[in-house]
Amino acid sequence: MLRHLDVTHDRFGLSTPFRISRGVKTAADVVTVTLREGGTIGRGEAVPYARYGETIEDTIAAIRAIAPALADGAGRQDLAALLPAGAARNAVDCALWDLEARLAGTTVAALAGLAEPVALPSAITIGLDTPDAMARAAAKVATVPLLKVKVDRTDPAAQIAAIRSVAPLPRLIIDPNESWTLDTLRSLRERLIEWRVDLLEQPLPAGEDHDLATFNSPVPIAADEALHTAADLDRLAGRYDVVNIKLDKTGGLTEALVLAGRAHAKGFGLMVGCMVCSSLGIAPAMLLGGRAAFVDLDGPLWLSEDRAGGVTDHEGMSSPAAPGFWGN
């Protein structure tokens, strides 16, 4: 067995800036891995994230460093010893799943014992902006099943109220991206009920979330930045009700499946999320969508141009990529 590794930095411009409490993006910078065995190739994609100390350059270097092991036949179950959880492992793991399925003449879903992906209601994200601008954006998608609203600490009440005034029907996820304090959370407690918020995602900084254990929240709270792998679950118990699984944090689909199983067994609700990425980063995550109470896989919708044959959206329903794109 001899495998050839190719790893590249690809950039996808965004059709509109993506703003959250930590900053703004105008392009999606991703690392693409291609593994070739004979005439068969498998692909994977990852988004190195500065919040976790990752860069494009370091991620590519880490992947290239394990090229000899991959050439000699290292598989998915070997990756945990070769790479830490994170973007580099995710790109390689997903490429190995794709390659394995193609070599076997089957699908990744079949290999993993999962249902084949189907169309799912997936959150449409309203980026952080002025309340008026956020309301204008929400009015355009007011009939979708699920909205996700990015807020910060400046005036979240005005931001959320503006959204609800034009979009009263969708289920609602509020995501402060660690920007709130406990005082903010307390001050908005009753308003969360008034706004019919379905999920509050990572309101406090991940390293300062101990106060959630004694906060009587009227809505479920999801761990995002506080959760990476199954090893984190015990620490999160009593603080969070839901865990947001992202393949770039877990290090790929392999660990994500382990995390989903253990989280469910411990009583956590499941959410599957993404970074701003192309459909190559979304296709593996869609396999978890059928097990999740909340699906947030709209990353490619922010791109000016996605990879050909990728996932599609119609009024908040995300449909799988075309046959042959990844894992099928």
Side-chain angles (χ1 to χ4, degrees), residues 17-25 46-55 58 84-87 90 123 125-129 134 148-160 163 172-192 195 197-251 255-256 259 263 266 268-276 294 296 299:
F18 180 79
R19 293 183 177 89
I20 66 172
S21 62
R22 277 193 294 271
V24 58
K25 291 172 68 79
V47 180
Y49 203 40
R51 166 65 178 80
Y52 307 129
E54 298 175 326
T55 67
D58 289 347
N90 178 32
T125 301
I126 306 299
L128 178 64
D129 210 322
M134 294 173 74
K148 178 169 173 173
V149 180
K150 295 288 190 177
V151 299
D152 58 12
R153 202 167 67 197
T154 56
D155 197 355
Q159 292 163 339
I160 302 167
I163 297 291
L172 195 62
I173 301 171
I174 301 301
D175 186 8
N177 284 109
E178 304 182 278
S179 66
W180 287 4
T181 65
L182 184 61
D183 285 342
T184 310
L185 195 54
R186 285 172 174 159
S187 70
L188 295 175
R189 186 185 182 283
E190 300 307 317
R191 302 295 302 275
L192 296 174
W195 294 317
V197 172
D198 291 270
L199 187 69
L200 179 61
E201 187 179 348
Q202 198 67 55
L204 306 185
E208 304 170 22
D209 59 0
H210 53 275
D211 286 321
L212 293 177
T214 56
F215 178 71
N216 182 20
S217 177
V219 302
I221 298 179
D224 180 4
E225 287 87 349
L227 170 79
H228 291 257
T229 69
D232 297 317
L233 290 172
D234 286 344
R235 186 184 67 81
L236 303 182
R239 302 182 185 186
Y240 299 93
D241 310 286
V242 174
V243 291
N244 186 357
I245 301 173
K246 294 179 180 175
L247 272 60
D248 278 313
K249 295 186 300 177
T250 67
E255 171 63 22
L259 171 56
K266 290 178 177 291
F268 289 101
L270 300 183
M271 176 179 181
V272 57
C274 67
M275 308 299 186
V276 180
F294 297 91
D296 175 27

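For this chain, numbers begin at 1 and follow the sequence in order. Since we're looking at a predicted model, the values are computed, not measured.
- The CG atom of Leu233 lies 6.0 Å from the CG atom of Leu227; values are rounded to the nearest 0.5 Å.
- With Lys249 as reference, Asp224 is the one residue of Asp224, Asp232, Asn244 to meet the side-chain hydrogen bond (donor to acceptor under 3.5 Å, both in side chains) rule.
- Shortest non-hydrogen contact noted between Trp180 and Pro156 is CZ2-CB, 3.7 Å.
- Formation of a donor-acceptor pair under 3.5 Å by the Arg189 side chain with backbone atoms of Asn216 is found in this model.
- In this structure, CG in Asp152 is found 10.5 Å from CG in Asp129, a value given to the nearest 0.5 Å.
- Side-chain atoms of Pro220 and Leu199, non-hydrogen and from C-beta on, do get closer than 4.5 Å to each other.
- In this structure the side chain of Ile173 reaches within 4.5 angstrom of the side chain of Met271, judged on heavy atoms.
- At a threshold of 4.5 Å between non-hydrogen side-chain atoms, the residues Gln159 and Ile126 do not count as touching.
- Judged by distance alone, the side chain of Glu255 and the main-chain N or O of Ala85 form no donor-acceptor pair under 3.5 Å.
- Residues forming a ring pair (Phe, Tyr, Trp, His ring centres under 6.0 Å) with Tyr52 (at least two apart in sequence, or on another chain): Tyr49, His228.
- The shortest distance between side-chain heavy atoms of Arg153 and Pro176 does not fall below 4.5 Å.
- Evaluation of the salt bridge (charged side-chain N to carboxylate O under 4.0 Å, His left out) rule for Glu225 yields Arg22 as partners, not counting sequence neighbours.
- Between the CD1 atom of Ile20 and the CG atom of Leu128 there is a distance of 9.0 Å, given to the nearest 0.5 Å.
- Residues Ile174 and Val219 fail the side-chain proximity criterion, which asks for heavy atoms closer than 4.5 Å.
- Residues Leu172 and Ile160 meet the side-chain proximity criterion, which asks for heavy atoms closer than 4.5 Å.
- Here the side chain of Glu201 pairs no donor or acceptor atom with the backbone of Pro203 at under 3.5 angstrom.
- In this structure, the side chain to side chain contact (heavy atoms under 4.5 Å, CB included) partners of Ala157, at least two apart in sequence or on a different chain, are Asp155, Leu188, Arg191, Trp195.
- Lys150 has its side chain out of reach of Arg19: every pair of non-hydrogen atoms, C-beta onward, lies at least 4.5 Å apart.
- In this structure, a donor-acceptor pair under 3.5 Å is present between the side chains of Thr184 and Thr181.
- Judged by distance alone, the side chain of Glu178 and the main-chain N or O of Gln202 form no donor-acceptor pair under 3.5 Å.
- Within the 4.5 Å cutoff, no side-chain heavy atoms of Leu212 are placed close to those of Leu182.
- Salt-bridge check for Asp209 with Arg235: passed, with a basic side-chain N closer than 4.0 Å to an acidic carboxylate O.
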